[in-house]
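Let me begin by presenting the structure, written as structure tokens, before commenting on it.
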Amino acid sequence: MEVRDLHDWPATAREAEEIQDRLRPLLDLRDRGPLRPRTIAGLDVAYERDGARGPSGRGGRLAAAAVVLDAETLEVVEEATAAGTAAFPYVPGLLAFRELPALVEALRRLETTPDLLVCDGYGLAHPRRFGLACHLGVLTGLPSMGVAKTPFVGAYDPPGERRGDAAPVRHDGEVVGRVLRTQDGVKPVFVSVGHRIGLDTACRHALALAPRYRLPETTRRADRLSRDALAALTSSA
DNA sequence: GCGACAG
DNA sequence: ATCTTGTCGC
């Protein structure tokens with residue numbers, strides 16, 4: 001698929017924040033995706049374990065994966081990976097600058113143009129309202145959303161214990177996401193919109209993508225593929 | 001000022 | 001993210 005070229009890369013956290021502030025106005029927060037997406041892509045990145053720079057520094061090797069699923073059957077339609085290097089140190093709120101180059105490359109290697117992107121992390125529920133899911137949405141022009149495994153910004157009350165139970169996540173007086181229980185009695189996930197999608201729609205997709213496990217099949221597949229791709233790197237060159 | 005902090 | 005042993009549960 002086609003993906004817009006990356007902007008000039010930030011050298012400092014200040015510059016990275018400026019880029020987020022500059023791109024944020026391009027977000028379309030209306031529910032503009034197809035009523036019934038046919039394909040949904042899951043994205044994830046696996047990092048190489050190493051003591052020197054550590055998985056949190058810059059420069060360590062990594063592998064990104066994009067897995068396209070049939071939204072109806074959840075069967076894999078297409079897969080793509082891309083090897084790369086951590087493009088930025090890990091800084092809460094600037095995760096996108098670490099993973100974007102490799103993720104964009106993986107997406108470009110896809111023949112399919114998915115109807116929705118599901119990212120491992122946050123979208124609007126972000127210090128500056130521009131998490132990874134928003135960034136990828138703007139770069140691709142596709143509807144996008146984030147599903148995170150742990151809390152980041154905002155406050156919330158614990159949702160009920162049953163699958164489908166949810167509660168709003170509020171930050172600076174706004175509802176920026178939703179804590180959603182995807183299976184009875186499991187830790188909830190954190191859903192937030194990225195681009196061209198509404199929170200209700202995003203949660204509906206998150207639930208439909210998780211018929212059996214806590215995490216959506218999209219991120220489970222992408223997680224496995226990225227790890228496999230990384231292992232392939234480590235064992236060869 | 002001090003902690004917390006997606007992956 | 002990644003490092004790690006055992007342990008509880010289906």
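Throughout, a chain's letter reflects where its sequence line sits, starting with A, and its residues are numbered from 1. All of these numbers come straight from a predicted model, not from anything done at the bench.
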More than 12 heavy atoms of other residues, nucleotides or ligands under 6.0 Å from CZ of A/Arg108: is that the case? yes
side-chain contact (heavy atoms from CB on, under 4.5 Å) with A/Met145: of A/Val193, A/Val118, A/Leu199, only one passes, and it is A/Val118
Please answer whether the main-chain N or O of A/Gly137 pairs with a side-chain N or O of A/Arg196 as donor and acceptor at a distance below 3.5 Å. no
The dot-bracket string of DNA chain B, counting Watson-Crick and G-U wobble pairs with both distances under 3.5 Å, using [ ] for crossing pairs and | for pairs to another strand, is .......
In whole angstroms, the gap separating P of C/dT2 from CZ of A/Arg227 amounts to 5 Å
Between CG of A/Leu43 and P of C/dA1 the distance, given in whole Å, is 15 Å
From the list A/Glu99, A/Arg227, A/Arg61, side-chain hydrogen bond (donor to acceptor under 3.5 Å, both in side chains) with A/Tyr47 holds only for A/Glu99
Between A/Phe88 and A/Ala16 the two heavy atoms that sit nearest each other are CZ-CB, 4.1 Å
Could you tell me whether A/Glu72 and A/Arg36 make a salt bridge, using a distance below 4.0 angstrom between a side-chain N and a carboxylate O? yes
Q | A/Arg204 atom CZ: more than 12 heavy-atom contacts under 6.0 Å | A | yes
Exactly one of A/Arg163, A/Arg214, A/Arg162 clears salt bridge (charged side-chain N to carboxylate O under 4.0 Å, His left out) with A/Asp184, and that residue is A/Arg162
Counting primed atoms, P, OP1 and OP2 as sugar-phosphate and everything else as base, the B/S/- map of nucleotides 1-7 of chain B against protein heavy atoms under 4.0 Å is ----BBB
Pairing string of DNA chain C (Watson-Crick or G-U wobble, both atom distances under 3.5 Å; | = paired to other strand) is ..........
Quiz item: Do the charged groups of A/Arg220 and A/Asp223 touch, with an N to O distance under 4.0 Å?
Solution: no
Query - Check: A/Ser144 side chain, A/Ala133 main-chain N or O, donor-acceptor pair, under 3.5 Å - result: yes
